[in-house]
Protein chains: 2
Amino acid sequence: MEGKEDNSLSGVKEIARRANVSLGTVDRVINNRAGVAVKTRNRVNAIIEELNYQPNVLARRLALTSRGTLRLAVLLPDISEETEYWKAPLEGINKADLEIRQYGVQVEHYFFDQNVQSGFAQQVNRIMENTPDGVLITPTFEKESIVLMKFCKKKKIPCVLMNSDIPDQQRLCYIGPELFDSGYLSGQLVHYCLKDGQKAMIVNIAREIESNVAILRKEDGFLAYFREKLSEDQLVHLNMTDTGYAAVAGRLTALLEEHKQIGIIYVTNSRVSLVAQWLESIGRSDIVLIGYDYLDKNLDYLKRGVIDFLLCEKPQEQGYRGVMSLFQYLVFSTTVQDDYLIPIDIVTSANYRYYRN
Amino acid sequence: MEGKEDNSLSGVKEIARRANVSLGTVDRVINNRAGVAVKTRNRVNAIIEELNYQPNVLARRLALTSRGTLRLAVLLPDISEETEYWKAPLEGINKADLEIRQYGVQVEHYFFDQNVQSGFAQQVNRIMENTPDGVLITPTFEKESIVLMKFCKKKKIPCVLMNSDIPDQQRLCYIGPELFDSGYLSGQLVHYCLKDGQKAMIVNIAREIESNVAILRKEDGFLAYFREKLSEDQLVHLNMTDTGYAAVAGRLTALLEEHKQIGIIYVTNSRVSLVAQWLESIGRSDIVLIGYDYLDKNLDYLKRGVIDFLLCEKPQEQGYRGVMSLFQYLVFSTTVQDDYLIPIDIVTSANYRYYRN
DNA sequence: CTGAAAGCGCTTACAG
DNA sequence: CTGAAAGCGCTTACAG
């Protein structure tokens with residue numbers, strides 16, 4: 001047992017007293033600022049070590065309040081009829097915004113239309129003009145995203161990716177699901193539900209399937225499972241670039257006619273509601289339906305038993321964590337930030353209540 | 001647009017200036033402390049409203065640092081060979097502890113042996129003697145828990161329940177799963193996996209099944225699903241109060257002999273590993289096995305395909321949130337705290353990686 | 001290279 | 001009932 005001194009002093013003051021220097025010098029050492037004699041620096045550092053000193057983040061942040069605000073730029077798709085999904089990440093971002101506002105952080109939104117690549121490019125330019133202190137993006141268009149990421153790298157602005165990843169570029173971290181495993185998991189669910197003699201169908205519904213990294217990765221994972229544990233003979237493929245209901249319903253009807261043994265359908269994104277609508281209209285809710293995302297429309301079908309499984313990747317949390325990791329990095333200069341792979345939740349009519357937000 | 005004045009002042013200072021009172025008075029009003037003339041109080045409150053003033057929690061907490069520490073008592077089962085599970089909530093509690101320590105909060109642990117009711121009572125007494133500022137408990141033994149809860153109520157100490165609930169007592173909130181739905185969800189999974197002509201088995205393994213609220217609730221939910229969508233004829237029951245492997249294996253072997261059609265087994269707690277061990281020993285990993293908890297032992301079986309589904313209820317998060325909700329309540333005097341029903345995660349060999357802690 | 005002073009926004013004795 | 005002063009632990013000009 002070491003005799004603990006009556007430490008009326010603590011923190012920087014105690015360090016200053018022991019090292020026989022002023023608070024200013026202690027501060028310079030702690031924050032690695034220039035202008036301290038090596039000898040002094042060493043002495044102070046030794047005491048810091050000895051005391052196992054941990055700065056009080058409250059006090060630090062309070063003292064910094066007077067200094068300028070930190071500006072975080074957030075780039076993500078706007079919310080449209082077609083992309084209700086993006087409401088969720090935005091909610092998470094706003095939640096984080098509210099929490100850290102009082103720490104002198106300010107979040108600036110940049111929205112783009114997912115179908116307009118030039119609009120994305122334009123927003124990237126605006127961000128670069130405004131040179132924020134941190135950047136959070138959904139890298140929907142790879143080329144322009146890389147432009148921004150390179151800019152950030154040069155300017156030493158931390159850049160966080162969300163929802164889907166572009167590896168091998170200098171980014172602070174990626175926050176989102178491991179999409180391959182998401183598909184693989186779907187394969188597994190299909191396997192559990194497949195009755196004897198049945199077939200499964202995989203359905204991609206999107207304007208640009210070939211350039212949609214997310215869909216391709218999920219499909220890869222799904223097929224990997226089939227090759228491993230089942231057989232591709234048991235699988236029917238469908239790609240729909242016409243995303244209208246009539247078109248989808250038409251093709252599905254034809255395919256079901258052709259492959260009467262289809263017992264399970266896996267839709268690789270949130271458009272699963274189109275398939276649900278169709279299944280319901282033909283009175284075939286016995287077919288197991290698996291799809292994506294905790295959207296009101298999808299939940300309706302889930303509750304009614306038309307959709308059986310929804311895979312969900314915590315969109316709010318992605319937004320929240322995206323902002324918070326920038327905040328942590330910039331304010332508390334936390335060390336290396338790790339990628340955060342979001343869990344892939346399996347949601348059914350029996351547990352969906354507990355996944356609200 | 002209102003002309004915004006050059007507010008060099010803000011916060012309490014600005015309020016004091018406008019109301020023509022001192023900081024002390026403003027503080028009294030903000031914190032509802034006595035000793036302010038009604039007229040003054042009203043004037044100050046009006047300005048607070050007008051300014052839409054929000055106190056800076058950083059500054060508040062920093063100022064309070066000098067005051068005494070807040071002491072939180074945490075009561076939960078200790079970690080033994082038999083109850084590795086409780087490591088997880090403890091981790092969450094420790095994580096919260098680390099985060100809020102610098103805000104002058106101190107967590108005190110009280111452990112008990114789940115098999116010794118008198119030990120639980122003893123710890124309850126110790127807590128009451130120490131009169132902490134907040135209490136977080138796992139109410140394993142109902143009677144003693146109620147004693148503690150009543151004590152808290154009288155002393156106005158906030159009390160949070162974790163893991164299982166005792167409703168209708170004055171508690172700040174409950175943090176844990178809705179156990180009925182957990183069983184119901186299991187019924188649903190069984191339904192999806194059940195092939196034609198197969199039967200399912202439900203297995204309870206615990207010393208005291210009849211007094212184990214958690215197990216009973218899950219079983220209720222499970223049976224409810226069967227009554228609703230399947231038939232009880234398709235179900236075989238097994239209660240094991242002898243929790244040793246030999247006994248379990250013996251009974252299971254006999255039952256499987258009797259009911260050869262059993263294709264799925266649902267174990268209502270983390271002892272699913274005993275059944276997994278048996279299934280593996282008799283080479284029947286084709287039987288679908290569903291159980292509970294993200295424990296190393298269970299994960300091993302999950303990865304090897306012996307266990308198919310693990311239902312998990314975020315034990316770390318329960319501990320973390322339990323502490324944090326007390327903290328929020330005591331430090332920021334957040335208003336009514338709501339119960340937080342933890343999601344029931346469905347974990348398989350394809351998504352378990354993302355549920356680590 | 002170093003120190004003394006002022007300040008971040010709030011709270012608390014203490015004195016009247 | 002009210003105010004002036006000191007302090008929470010850290011940071012930042014400014015002066016030397």
Side-chain angles (χ1 to χ4, degrees), chain A residues 7-45 47-48 51-70 101-105 330-333, chain B residues 7-45 47-48 51-70 101-105 330-333:
Chain A
N7 52 350
S8 42
L9 254 37
S10 70
V12 277
K13 283 185 195 162
E14 176 64 9
I15 297 172
R17 191 186 65 77
R18 295 207 190 191
N20 213 258
V21 295
S22 73
L23 290 178
T25 300
V26 172
D27 190 69
R28 282 174 204 114
V29 174
I30 289 175
N31 295 292
N32 265 311
R33 257 179 264 108
V36 183
V38 187
K39 217 178 137 187
T40 313
R41 187 177 290 275
N42 289 153
R43 185 151 36 99
V44 173
N45 269 326
I47 293 170
I48 290 179
L51 255 39
N52 189 231
Y53 168 74
Q54 297 293 359
N56 181 321
V57 286
L58 260 63
R60 172 174 289 177
R61 200 49 215 160
L62 185 60
L64 287 169
T65 293
S66 43
R67 308 266 308 142
T69 337
L70 285 175
R101 189 166 284 179
Q102 62 181 294
Y103 297 78
V105 178
L330 288 167
V331 170
F332 304 127
S333 53
Chain B
N7 53 352
S8 42
L9 253 39
S10 69
V12 279
K13 283 186 195 162
E14 176 64 8
I15 297 172
R17 192 186 64 77
R18 295 206 191 191
N20 212 256
V21 294
S22 74
L23 290 178
T25 300
V26 172
D27 190 69
R28 281 173 204 115
V29 174
I30 290 175
N31 294 291
N32 265 310
R33 259 180 261 107
V36 183
V38 187
K39 217 178 135 185
T40 314
R41 187 178 289 274
N42 289 152
R43 186 153 36 100
V44 173
N45 268 325
I47 293 169
I48 289 178
L51 256 39
N52 190 232
Y53 168 74
Q54 298 290 0
N56 181 320
V57 286
L58 259 65
R60 173 173 289 177
R61 201 48 215 160
L62 185 60
L64 287 169
T65 294
S66 42
R67 309 267 307 142
T69 337
L70 285 175
R101 188 167 284 179
Q102 62 181 294
Y103 297 78
V105 178
L330 289 167
V331 171
F332 303 128
S333 53

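Below, chain A is the first sequence line, B the second, and so on; all start at residue 1.
- When each of B/Gly24 and B/Ala59 is assigned the nucleotide of DNA chain D with its nearest heavy atom, B/Gly24 is the one assigned upstream, toward the 5' end.
- The separation between B/Tyr53 atom OH and C/dG9 atom C1' is 7 Å, rounded to whole Å.
- Nearer the 5' end of DNA chain C, as judged by each residue's closest nucleotide, is the contact made by A/Ala34, out of A/Ala34 and B/Val12.
- Taking atom CD1 of A/Ile15 as the reference point, atom P of D/dT11 lies 10 Å away to the nearest angstrom.
- Remark: C1' of C/dT2 and CZ of A/Arg43 are 11 Å apart, rounded to the nearest angstrom.
- Across all strands shown, B/Arg33 has heavy atoms under 4.0 Å from sugar-phosphate atoms exclusively, and none from any base.
- If you check every strand for non-hydrogen atoms under 4.0 Å, A/Val26 touches nothing.
- The side chain of B/Lys13 places no N or O atom within less than 4.0 Å of a non-bridging phosphate oxygen (OP1 or OP2) of C/dG7.
- The CZ atom of A/Arg18 lies 12.0 Å from the CD1 atom of A/Ile48; values are rounded to the nearest 0.5 Å.
- Considering only side-chain N and O atoms, B/Thr40 lies under 4.0 angstrom from the phosphate OP1 or OP2 of D/dT2.
- Following rounding to the nearest Å, B/Asn20 (CG) and D/dA4 (P) show an atom-to-atom distance of 10 Å.
- Applying the side chain to side chain contact (heavy atoms under 4.5 Å, CB included) test between B/Val36 and each of B/Thr40, B/Val38, B/Asn32 identifies B/Thr40 as the sole match.
- Rounding to the nearest 0.5 Å places CD1 of A/Ile30 at 9.0 Å from CG of A/Asn45.
- Comparing D/dC10, D/dT2, C/dC1 by their closest approach to the side chain of A/Ala37 singles out C/dC1.
- Across the protein-nucleic acid pair, A/Leu23 atom CG and C/dA6 atom C1' stand 12 Å apart, rounded to whole Å.
- To the nearest angstrom, P of D/dT2 lies 8 Å from CZ of B/Arg28.
- When side chains are defined from C-beta on, A/Tyr53 counts as touching A/Val12, because their heavy atoms get closer than 4.5 Å.
- For B/Ala63, the listed nucleotide lying nearest its side chain is D/dC8; candidates were D/dC8, C/dC8, C/dT2.
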Working for side-chain contact (heavy atoms from CB on, under 4.5 Å), residues A/Asp27 and A/Arg33: CA-CA 8 Å; A/Asp27 190 69; A/Arg33 257 179 264 108; 3.0 Å; yes
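- Applying the Watson-Crick and G-U wobble criteria (two distances, each under 3.5 Å), C/dA4 pairs with nothing in any strand.
- At D/dG3, one or more side-chain N or O atoms of B/Thr25 fall inside 4.0 Å of OP1 or OP2 (strictly under the cut-off).
- For the pair A/Arg17 CZ and D/dG9 P, the interatomic distance rounds to 15 Å; values are reported in whole Å.
- The interatomic distance linking B/Asp27 (CG) with D/dA5 (P) rounds to 17 Å, in whole Å.
- Checking D/dG3, D/dG9, C/dG3 against the side-chain heavy atoms of A/Ser22 singles out C/dG3 as nearest.
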